[in-house]
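In what follows, a structure is listed as structure tokens, so that the remarks can point back to it.
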Amino acid sequence: MGLRIHFVVDPHVFYGIAIFCLVALVRASIADPGRLPENPKIPHGEREFWELCNKCNLMRPKRSHHCSRCGHCVRRMDHHCPWINNCVGEDNHWLFLQLCFYTELLTCYALMFSFCHYYYFLPLKKRNLDLFVVRHELAIMRLAAFMGITLLVGITGLFYTQLIGIITDTTSIEKMSNCCEEISRPRKPWQQTFSEVFGTRWKILWFIPFRQRQPLRVPYHFANHV
């Protein structure tokens with residue numbers, strides 16, 4: 001039991017999660033979300049699955065969306081995220097999911113350390129209540145715990161909606177536009193939808209932000225129409 005608790009609160013685990021979170025944040029911010037070129041090459045057998053954008057007057061695959069902030073169309077765009085200052089689309093959605101996941105883990109670890117630190121200072125508070133350092137240390141820890149819980153609730157809600165969107169194979173824009181009826185598209189197993197987002201069927205690689213994503217071929221008869 002002691003070894004297990006030591007592993008859970010080991011700072012090296014915290015630093016490892018922090019590195020993964022930072023890498024996912026940087027890569028999601030600078031990665032191309034799936035921006036379409038001005039003159040895309042449309043395969044001859046897939047022309048019926050493309051459409052004309054009514055904002056930039058360029059051809060795009062169905063399920064693409066025109067981002068008013070970035071000024072271009074993005075393949076399978078989910079939303080424009082102000083936290084990463086980038087669109088979340090087909091090519092960086094997997095990095096955004098990793099960012100949410102590792103941020104949630106990082107917040108849980110930070111709360112765990114705060115609570116452990118608080119119980120360490122609790123006996124000092126009883127003996128040295130008037131000490132400036134002890135009183136202000138406890139106040140800072142309480143404020144940090146409040147901010148951590150607020151962040152944890154927010155990131156959990158965001159991560160949950162992202163997971164539900166992948167499982168149901170719908171983007172946030174499609175949910176808001178109510179354009180994807182359950183009866184209008186074939187159902188896909190969750191393993192397939194996650195594999196398409198992460199670009200691999202090896203589940204262990206879904207958690208690695210250092211690799212390069214290789215897009216899987218998605219059958220167009222599964223495509224939703226935007």
Side-chain angles (χ1 to χ4, degrees), residues 4 7-8 10-35 61 63-65 67 74-112 148 151-175 180 185-224:
R4 185 179 302 175
F7 174 76
V8 172
D10 188 354
H12 294 90
V13 178
F14 179 85
Y15 297 147
I17 297 176
I19 292 174
F20 275 58
C21 182
L22 182 60
V23 171
L25 171 62
V26 173
R27 294 197 63 191
S29 301
I30 64 176
D32 182 4
R35 179 176 179 176
R63 300 196 73 183
S64 301
H65 184 77
C67 179
V74 177
R75 297 191 312 272
R76 205 178 186 277
M77 177 177 169
D78 187 83
H79 66 284
H80 183 94
C81 180
W83 306 111
I84 63 174
N85 194 29
N86 196 6
C87 292
V88 177
E90 182 178 310
D91 291 342
N92 70 338
H93 197 176
W94 66 287
L95 291 167
F96 183 75
L97 287 171
Q98 290 181 354
L99 174 61
C100 294
F101 175 72
Y102 288 118
T103 301
E104 190 165 359
L105 284 184
L106 207 59
T107 306
C108 290
Y109 259 85
L111 288 173
M112 186 186 306
L151 177 60
L152 181 62
V153 172
I155 200 67
T156 299
L158 175 61
F159 189 45
Y160 174 78
T161 57
Q162 289 293 308
L163 292 179
I164 294 299
I166 295 178
I167 292 174
T168 58
D169 194 23
T170 54
T171 65
S172 299
I173 294 177
E174 292 169 348
K175 289 179 182 178
C180 296
R185 68 172 188 269
R187 300 288 296 180
K188 290 190 289 187
W190 68 269
Q191 294 94 335
Q192 181 176 350
T193 56
F194 273 86
S195 298
E196 292 172 1
V197 170
F198 286 95
T200 178
R201 293 182 174 85
W202 292 89
K203 296 181 177 59
I204 188 63
L205 296 180
W206 295 354
F207 301 92
I208 308 299
F210 304 97
R211 65 182 179 87
Q212 294 295 325
R213 177 181 178 272
Q214 298 295 333
L216 297 179
R217 180 65 175 175
V218 182
Y220 273 98
H221 62 273
F222 281 121
N224 297 333

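None of these values were measured; they are calculated from a predicted model.
- Here the shortest heavy-atom pairing between Leu95 and Ala31 reads CD1-CB, 4.2 Å.
- Scanning both residues, Arg213 and Val197, for their nearest heavy atoms gives NE-O, 2.9 Å.
- In this structure, Thr103 and Thr107 approach most closely via the heavy-atom pair O-OG1, 2.7 Å.
- For Asn92 (side chain) and Cys87 (main-chain N/O), a donor-acceptor pair under 3.5 Å exists by modelled atom type.
- The shortest heavy-atom contact between Cys100 and Phe159 is CB-CD1, 3.7 Å.
- Not less than 6.0 angstrom separates the ring centroid of Phe20 from the ring centroid of Phe207.
- Residues Val26 and Leu22 form a side-chain contact, since some pair of their non-hydrogen atoms from C-beta on lies under 4.5 Å apart.
- Checking side-chain atoms of Asn85 against main-chain N and O of Ser29 turns up no donor-acceptor pair under 3.5 Å.
- Cys21 has its side chain within reach of Leu99: a pair of non-hydrogen atoms, C-beta onward, lies under 4.5 Å apart.
- The heavy-atom pair separating Val88 from His93 by the smallest distance is CG1-CD2, 3.6 Å.
- Residue Ile167 holds its CD1 atom at 13.0 Å from NZ of Lys188, rounded to the nearest 0.5 Å.
- Residues meeting the ring pair (Phe, Tyr, Trp, His ring centres under 6.0 Å) test with His79, sequence neighbours left out: Phe96.
- Note that the OG1 atom of Thr171 and the CD atom of Gln162 stand 9.5 Å from one another [nearest 0.5 Å].
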Practice prompt. Evaluate salt bridge (Lys or Arg N to Asp or Glu O under 4.0 Å) for Asp32 paired with Arg75, printing each intermediate quantity in order.
Written response: CA-CA 10 Å; Asp32 182 4; Arg75 297 191 312 272; over 6 Å; no

Practice prompt. Give the C-alpha distance, both sets of side-chain angles, the deciding distance and a yes or no for side chain to side chain contact (heavy atoms under 4.5 Å, CB included) between Ile19 and Tyr102.
Written response: CA-CA 9 Å; Ile19 292 174; Tyr102 288 118; over 6 Å; no

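- For Arg27, there are no salt bridge (Lys or Arg N to Asp or Glu O under 4.0 Å) partners two or more places apart in sequence or in a different chain.
- When all heavy atoms of Glu104 and Leu152 are compared, the closest pair comes out as CG-CD1, 3.7 Å.
- To the nearest 0.5 Å, atoms CD1 (Ile164) and OG1 (Thr170) are separated by 9.0 Å.
- Relative orientation of the Trp94 and Phe198 rings is perpendicular, given thresholds of 30° and 60° on the angle between their planes.
- In this structure, CD on Gln214 lies 9.5 Å from OG1 on Thr200, to the nearest 0.5 angstrom.
- Side-chain contact check for Leu97 versus Ile166: some heavy-atom pair is nearer than 4.5 Å.
- Separation of atoms CD1 (Ile155) and CH2 (Trp83) is listed at 9.5 Å; rounding is to 0.5 Å.
- Thr161 meets the side chain to side chain contact (heavy atoms under 4.5 Å, CB included) test with Leu158; sequence neighbours excluded.
- Salt-bridge annotation for Arg63 and Glu174: present, with a side-chain N of the basic residue lying under 4.0 Å from a carboxylate O of the acidic one.
- Residues Glu90 and Glu196 fail the side-chain proximity criterion, which asks for heavy atoms closer than 4.5 Å.
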